[in-house]
Amino acid sequence: MEKRAPTRSEALELLKEYNANPSLIRHALAVESVMAHFAVLMGEKETAKWAIIGLIHDVDYERYPESHCKKAREILAERDWPEEYIHAVESHGWGICTDVAPREGMEKVLYTIDELTGLITATALLRPSRSILDLTAQSVRKKWKQKGFAAGVNREIIEEGAKSLGMELDTIIAETIKGMQKVAEGIGLKGQVEADAGPV
Ligand SMILES: [Fe+2]
Ligand SMILES: [Fe+2]
């Protein structure tokens with residue numbers, strides 16, 4: 001019998017069971033939204049599936065950084081998640097922590113945009129507005145070239161992913177920004193709230 005697809009609330013609950021770090025939760029929410037955005041962009045009907053895989057992809061990262069992606073398989077299999085979800089989660093670490101290559105569009109998008117959301121977040125936070133709402137792909141491109149900036153973001157992986165998708169890097173950056181803008185508030189990139197002067 002085919003396994004039941006997990007719901008978003010099950011995925012979020014599981015993510016929070018294993019992760020307490022707010023920046024990891026924000027990253028998961030960013031990737032979730034970008035995955036949903038790309039599903040629509042690419043005319044895919046299974047938007048919810050793409051989004052849930054984005055939301056859960058780093059479920060094991062906080063507790064098991066040494067066995068990232070591998071531990072995720074165990075966690076998800078224990079919960080009886082369908083194999084295609086587990087494979088997709090594993091494949092985002094291709095060449096880094098697994099040898100499971102992304103094999104279809106959804107997996108290739110996840111592989112490509114995962115690191116990119118980090119570079120976009122770092123670029124947005126550097127701006128005086130600390131907002132993603134008016135961030136352009138051009139600003140991200142400028143930071144792309146500065147190898148010392150967000151040095152942990154592996155630009156080669158993003159380039160490799162773009163190539164496998166047959167998409168221009170600039171398009172991928174612009175669409176990833178759009179996906180993140182939809183959850184700007186939830187990922188802490190809506191901009192700086194003016195400091196309240198408080199009672200005088
Ligand atoms: Fe990861
Ligand atoms: Fe990630």
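Just follow the structure's listing: the first ligand is 1, and inside any ligand the first atom is 1.
- Between OD2 of Asp58 and NE2 of His27, the angle at the Fe ion (ligand 2) works out to 90°, rounded to 10 degrees.
- For a distance bound of 2.8 Å, the N, O or S atoms of Cys97 include none lying that close to the Fe ion (ligand 1).
- For the Fe ion (ligand 2), the N/O/S atoms of His92 include none lying under 2.8 Å.
- The Fe ion (ligand 2) has an N, O or S atom of Asp114 under 2.8 Å away, backbone or side chain.
- Remark: aromatic rings of Trp50 and Phe38 are distant, center separation not under 6.0 Å.
- Note: His68 and Tyr61 have perpendicular aromatic rings, judged against thresholds of 30 and 60 degrees for the angle between ring planes.
- Residues Leu119 and Ile96 do not share a hydrophobic cluster, clusters being chains of Ile/Leu/Val/Met/Phe/Trp/Tyr side chains in contact below 4.5 Å.
- Ile157 is not connected to Met35 by any chain of hydrophobic side-chain contacts under 4.5 Å among Ile, Leu, Val, Met, Phe, Trp and Tyr, and they are in different clusters.
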